[in-house]
Amino acid sequence: MIYSQKQTPFKKEAPVILGIETSCDETSAAVLRGETLLSNVIASQAVHVQFGGVVPELASRAHLRKIVPLVDEALERARVTLDDVDAVAVTAGPGLVGALLVGVNYAKGLIIAQKKPLVGVHHLEGHIYSNFLSHPELEPPLLVLIVSGGHTMLVGMKDHLHYRTLGSTRDDAVGEAYDKVAKILGLGYPGGPVIDRLAQQGDPNFVTFPKGLEKGTTFDFSYSGLKTAVLNFVRSLDEATLKAHLADVCAAFQKAAIDILVEKTIRAARTFGFKTITVAGGVAANSYLRRALKDQAEQYHLQVFSPAMEFCMDNGAMIARAALERLRQGYVSNLELNAFPSLPLDELSVTYE
Ligand code: KG4
Ligand code: ZN
């Protein structure tokens with residue numbers, strides 16, 4: 001279990017929370033005072049670029065090297081010391097187990113030394129709360145579209161800490177599809193930003209790629225067919241044609257990948273009666289997704305919120321912000337906190353009926 005028994009809510013109005021994130025290939029630390037962000041330091045691991053994807057063992061080692069200086073830098077930029085910190089929050093899962101363990105064990109070390117509360121945070125709960133950093137006026141109920149390298153999910157958030165998964169990917173995540181297609185096209189890692197940029201100059205109707213699970217009423221997603229369709233199409237082109245139409249292939253892939261997200265998100269909002277939609281995760285940085293979702297939502301008088309770019313990628317600030325909500329409701333962890341490579345979001349819900 002992430003949380004030990006429910007405690008009385010944290011008394012301090014605006015606690016200082018140190019947030020630590022090491023679930024994948026970003027090492028990050030942030031300091032939050034109440035809802036005010038004092039610092040957010042993110043170190044992206046460049047070591048994986050040459051391999052075209054994250055190498056778990058290298059990720060753990062890079063986290064180990066960076067965690068101490070990064071936490072120091074976050075405290076320094078926030079102009080606080082460890083003595084000022086009221087609670088330490090850390091991502092406990094899901095993610096790469098070796099990477100998570102670096103953050104969890106470091107956080108445990110800090111709270112033993114400092115005798116402060118520890119709050120284990122679900123990585124996706126962090127992404128959900130990234131929007132509350134950018135839009136403090138936001139209030140549940142919300143429909144959340146989580147789109148990252150590891151997840152593609154529609155989550156109904158009835159109230160703070162109440163989640164119900166309405167749909168999720170049955171195979172690859174959308175960010176993973178971007179990364180794999182970028183690899184096929186020889187565009188390097190991570191694939192999202194470069195495909196996003198190239199697609200802006202391309203013709204999305206150059207070729208029509210299949211959208212996963214388009215038919216029927218499911219809110220689930222599928223991206224492995226799209227990836228294979230791109231691979232087969234690219235193999236059918238000679239080198240010169242591919243070079244001349246690289247931007248077109250990117251635009252056509254992006255259209256198939258994103259349009260289905262937009263369609264299902266709008267349909268889910270209307271089906272379940274949500275008036276407000278938030279988008280979170282690395283792919284929330286995608287310019288086409290941000291624009292298309294806003295345009296579609298307007299037609300149905302739905303509001304859409306996306307986080308600022310620095311809160312789309314994995315970061316410690318979102319972990320600290322989610323922990324603030326946990327502390328407000330009395331959820332703290334203890335020294336038995338472990339790293340959880342897979343961890344269903346719904347299990348954390350207070351209740352959801
Ligand atoms: O949330 P995140 O930093 O890490 C995970 O929790 O997975 O997301 C990383 C993912 C990568 O797959 C990356 O290619 C994708 O987000 N990404 C994008 C964009 N920027 C990052 N995908 C599409 N368009 C972008 N602009
Ligand atoms: Zn993430």
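Both counts, for ligands and for their atoms, begin at 1 and track the order of listing. Side-chain atoms are counted along with the backbone in the values below, which use heavy atoms only and exclude waters and symmetry mates.
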Colleague: Would you check whether His151 reaches within less than 4.0 Å of ligand 1, judged by its heavy atoms?
Modeller: no
Colleague: So is Cys24 close enough to ligand 1, meaning a heavy atom under 4.0 angstrom away?
Modeller: no
Colleague: Looking only at heavy atoms, what is the nearest atom pair of Pro117 and Asp86, with distance?
Modeller: CD-O, 3.0 Å
Colleague: Going by the order shown, which atoms of ligand 1 are within less than 4.0 Å of some heavy atom of Gly150?
Modeller: 7 (O)
Colleague: State the atom name: nearest N, O or S atom of His127 to the Zn ion (ligand 2).
Modeller: NE2
Colleague: Centre of Tyr331's six-membered ring, under 6.0 Å away, within 45 degrees of the axis: is that where NZ or CZ of Arg326 sits?
Modeller: yes
Colleague: What is the nearest protein non-hydrogen atom to atom 17 (N) of ligand 1, stated with its residue, atom name and distance?
Modeller: Gly282 O, 3.6 Å
Colleague: Counting heavy atoms only, which part of Asp196 comes closer than 4.0 Å to ligand 1: side chain, backbone, both or neither?
Modeller: side chain
Colleague: For ligand 1, which part of Asn286 has a heavy atom less than 4.0 Å away: the side chain, the backbone, both, or neither?
Modeller: both
Colleague: Ignoring hydrogens and geometry beyond distance, is a side-chain donor-acceptor pair present between Thr91 and His123 at under 3.5 Å?
Modeller: no
Colleague: Do you see an N/O/S atom of His123, backbone or side chain, under 2.8 Å from the Zn ion (ligand 2)?
Modeller: yes
Colleague: Please identify which atoms of ligand 1 are closer than 4.0 Å to at least one heavy atom of His127.
Modeller: 1 (O), 6 (O)
Colleague: Can you confirm, on distance only, whether ligand 1 has an N/O atom lying under 3.5 Å from any N/O atom belonging to Ser287?
Modeller: no
Colleague: Flag His151 as yes if one of its N/O/S atoms falls below 2.8 Å of the Zn ion (ligand 2), otherwise no.
Modeller: no
Colleague: Distance under 4.0 Å to a non-hydrogen atom of Ala285: what atoms of ligand 1 satisfy this?
Modeller: 26 (N)
Colleague: Taking the side chain from Asp203 and the backbone from Asp248, do they hold a donor-acceptor pair closer than 3.5 Å?
Modeller: no
Colleague: Which heavy atom of the protein is the closest neighbour of atom 4 (O) of ligand 1, given with residue, atom name and distance?
Modeller: Asp314 OD2, 3.2 Å
Colleague: Atom 13 (C) of ligand 1: which protein heavy atom is closest, and how many Å away?
Modeller: Asp179 OD1, 3.8 Å
Colleague: Counting non-hydrogen protein atoms only, what is the nearest one to atom 15 (C) of ligand 1? Give residue, atom name and distance.
Modeller: Val283 CG2, 3.9 Å
Colleague: Please report the interatomic distance CG(Asp314) to OG1(Thr27), rounded to the nearest 0.5 Å.
Modeller: 10.5 Å
Colleague: Check for a donor-acceptor pair, side chain of Ser28 on one end and backbone N or O of Asn315 on the other, with a separation under 3.5 Å.
Modeller: no
Colleague: I would like to know whether Phe51 and Tyr189 meet side-chain contact (heavy atoms from CB on, under 4.5 Å); could you show each step before the answer?
Modeller: CA-CA 8 Å; Phe51 301 101; Tyr189 175 86; over 6 Å; no
Colleague: Quick one: look up the protein heavy atom nearest atom 10 (C) of ligand 1 and list residue, atom name and how far away it is.
Modeller: Gly149 N, 3.5 Å
Colleague: Distance-only, no hydrogens or angles: does the Thr165 side chain make a donor-acceptor pair with backbone N or O of Gly167 under 3.5 Å?
Modeller: no
Colleague: Report, in ascending order of atom number, the atoms of ligand 1 lying under 4.0 Å from any heavy atom of Gly175.
Modeller: 12 (O)
Colleague: Under 4.0 Å from a heavy atom of Pro190: give me the atoms of ligand 1 that qualify, with their elements.
Modeller: 14 (O)
Colleague: Does the plane of the ring in Phe132 sit parallel, tilted or perpendicular to the ring in His160? Use 30° and 60° as the thresholds.
Modeller: tilted
Colleague: Looking at Asp314, pick out the N, O or S atom nearest to the Zn ion (ligand 2) and give its name.
Modeller: OD1
Colleague: Measure from the ring center of Phe219 to the ring center of Phe272 and say whether it is less than 6.0 Å.
Modeller: yes
Colleague: Can you list the atoms of ligand 1 that are under 4.0 Å from a heavy atom of His123?
Modeller: 6 (O)
Colleague: Between Lys275 (side chain only) and Leu302 (backbone N and O only), is there a donor and an acceptor less than 3.5 Å apart?
Modeller: no
Colleague: Under 3.5 Å between any N/O of Gly192 and any N/O of ligand 1: does that happen in this structure?
Modeller: yes
Colleague: Hey, does the side chain of Ser222 reach the backbone of Leu213 with a donor-acceptor pair shorter than 3.5 angstrom?
Modeller: no
Colleague: Nearest heavy-atom pair of Ala268 and Leu154: which atoms, and what distance?
Modeller: CB-CD1, 4.0 Å
